[in-house]
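What follows is a short report on a single structure.
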Number of protein chains: 2
Amino acid sequence: MTLAEKAYVSLRKDIVEGCFSAESPLRLADLSKRYGMGFSPLREALNRLQAERLVTAESLRGFRVSPLSLHEFEDALHARLLIETEALRLSIAKGNDAWEASVVATFYALRQQTKRKGGDVDELRTRHHAFHRSLLAACGSDWLLDFFERLYAATERYRIPALLAAGPQKRDIDSEHGAIADAVLARDANRAEAILREHYLRTAVTIRPAMETA
Amino acid sequence: MTLAEKAYVSLRKDIVEGCFSAESPLRLADLSKRYGMGFSPLREALNRLQAERLVTAESLRGFRVSPLSLHEFEDALHARLLIETEALRLSIAKGNDAWEASVVATFYALRQQTKRKGGDVDELRTRHHAFHRSLLAACGSDWLLDFFERLYAATERYRIPALLAAGPQKRDIDSEHGAIADAVLARDANRAEAILREHYLRTAVTIRPAMETA
DNA sequence: GTAATAAATACTTTCGAAAATAATCAAAGC
DNA sequence: GCTTTGATTATTTTCGAAAGTATTTATTAC
């Protein structure tokens, strides 16, 4: 893996996880120290992230972490519903045995991690993403999967600030995920879509107040 | 405008317009000569284009123009329909007078250019894009507009090879555009969506055979 | 002739410095 | 005191060279 690729992976992770606060400038000298590399690979990574809308650039004034706003969050969530309900329908229509198995497997792995008290939050994050991705993985559309990844990253950025503001969850997210998996494995597209929609609207309700205070 | 931005604009244009054939390698030495700049701004542009899927990169083996394939074209067109029908509905619901005026204006400008025999093909391309964008411009969703731009560029790449293979058009594209504009200005979302869908499916019919021979 | 190895070449990637621009601070003028 | 101007500093952007990696060509051994 080249340095530019490492820079891209590290920066993306750190932005999505909120290590840099929103709108803070990403100065090359700082990043160079932090990641132990020269300017070139960092700038290449920043350009990629700019195309993904995780960072914004202004001519001759460098890069910043993209801002967070309630409007952008609602927009991203709306787009996610559009993309994911379609991809989920396609997946359910086209998915084979191996796909079903991966849905079962990623759901199981996710539940294992949520059960483990005091477990690695990073691992939980990874498994949550893997589960949601596996639901759509058989849709056969690279474009929809690409859009899913971008919207997932965009909305993931709102989770940490929201959790900090709202305190511990009252939702039983495991059982929501389980219900989606059940509907998917039953190949019931309408039910799966309805639950997925509920799942996201509930997330919106959690995050909205946290954004309004900020 | 920085050199990196110029490189991005030029490269994007040249790729979309087919100045480089699909899958051809984009060697830095060549690009440096062609655009008259060093490696750094070119690499930054290539990284952005990679994130937009117009170029593909392989570690330590550089960049190439992304391949064209029938499957990818149909995928992109399907995604366009999903995105654009939704954005169009939102635009029709939310658009104000100024938006209506811009639809009228861009349609008029487009028709002027199609009428001009032997006119600038580049100008026609610009106006075609402006018209389609203006239809969606009032949707209020940055994400949907962003996806529209990416899919538009992706599908535009197929037009030139297809036209070369299929010869002159038998469709009356002006009147198809006019019908969309009419439905939009009448705020008839269902009719607008139906015509837009027809419009794209007809495009698919034009391009499909050209892809199969290649 | 073919396969394996070694040398040469082509190309990508990365760095460090130079150039260019923006931001900050101090002094002068009103 | 306030604004303008000029100098200083901080930062981004770009280049050219160096380092590292793939690819091709040549050579040798079988």
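Quick note on labels: first sequence line is chain A, next is B, and so on, each numbered from 1.
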Name the atoms and distances for all side-chain donor-acceptor pairs under 3.5 Å in residues 44-56 of chain B, with sequence neighbours left out.
| unit_1 | atom_1 | unit_2 | atom_2 | d |
| --- | --- | --- | --- | --- |
| B:E44 | OE1 | A:R43 | NH2 | 3.0 |
| B:E44 | OE1 | A:N47 | ND2 | 3.1 |
| B:E44 | OE2 | A:R43 | NE | 2.5 |
| B:E44 | OE2 | A:R43 | NH2 | 3.4 |
| B:N47 | ND2 | A:E44 | OE1 | 3.1 |
| B:N47 | ND2 | B:R43 | O | 2.8 |
| B:E52 | OE1 | B:Y8 | OH | 3.4 |
| B:E52 | OE1 | B:R12 | NE | 3.2 |
| B:E52 | OE2 | B:Y8 | OH | 2.4 |
| B:R53 | NH1 | A:D142 | O | 3.2 |

Show the atom names and distances, to 0.1 Å, of all donor-acceptor pairs under 3.5 Å that link a side chain in residues 15-28 of chain B to residues at least two apart or in another chain.
| unit_1 | atom_1 | unit_2 | atom_2 | d |
| --- | --- | --- | --- | --- |
| B:E17 | OE2 | B:K13 | NZ | 2.8 |
| B:S24 | OG | B:S21 | O | 2.7 |

* Applying side chain to side chain donor-acceptor pair (under 3.5 Å), name anything that partners A:Y200, two or more places apart in sequence or on another chain. => A:R80, A:E84, A:H132
* For A:H78, check ring-ring contact (aromatic ring centres under 6.0 Å, His included) against everything at least two apart and list the hits. => none
Quick one: which protein N/O atoms are closer than 3.5 Å to N/O atoms of nucleotides 7-9 of chain C? Pair and distance per line, please.
none

* Any ring pair (Phe, Tyr, Trp, His ring centres under 6.0 Å) involving residues 86-127 of chain B? Give me the pairs, sequence neighbours left out, ordered by first then second residue. => B:F107-B:F131
* ring pair (Phe, Tyr, Trp, His ring centres under 6.0 Å) contacts touching residues 36-71 of chain B (sequence neighbours left out) -> none
* Asked: According to the salt bridge (Lys or Arg N to Asp or Glu O under 4.0 Å) rule, which pairs have a member within residues 28-37 of chain A, sequence neighbours left out?
  -> A:D14-A:R34
* To do: Could you run through nucleotides 11-17 of chain C and give me one letter per nucleotide, 5' to 3': B if any protein heavy atom sits under 4.0 Å from the base, S if only the sugar-phosphate is that close, - if neither?
  => SSBBB--
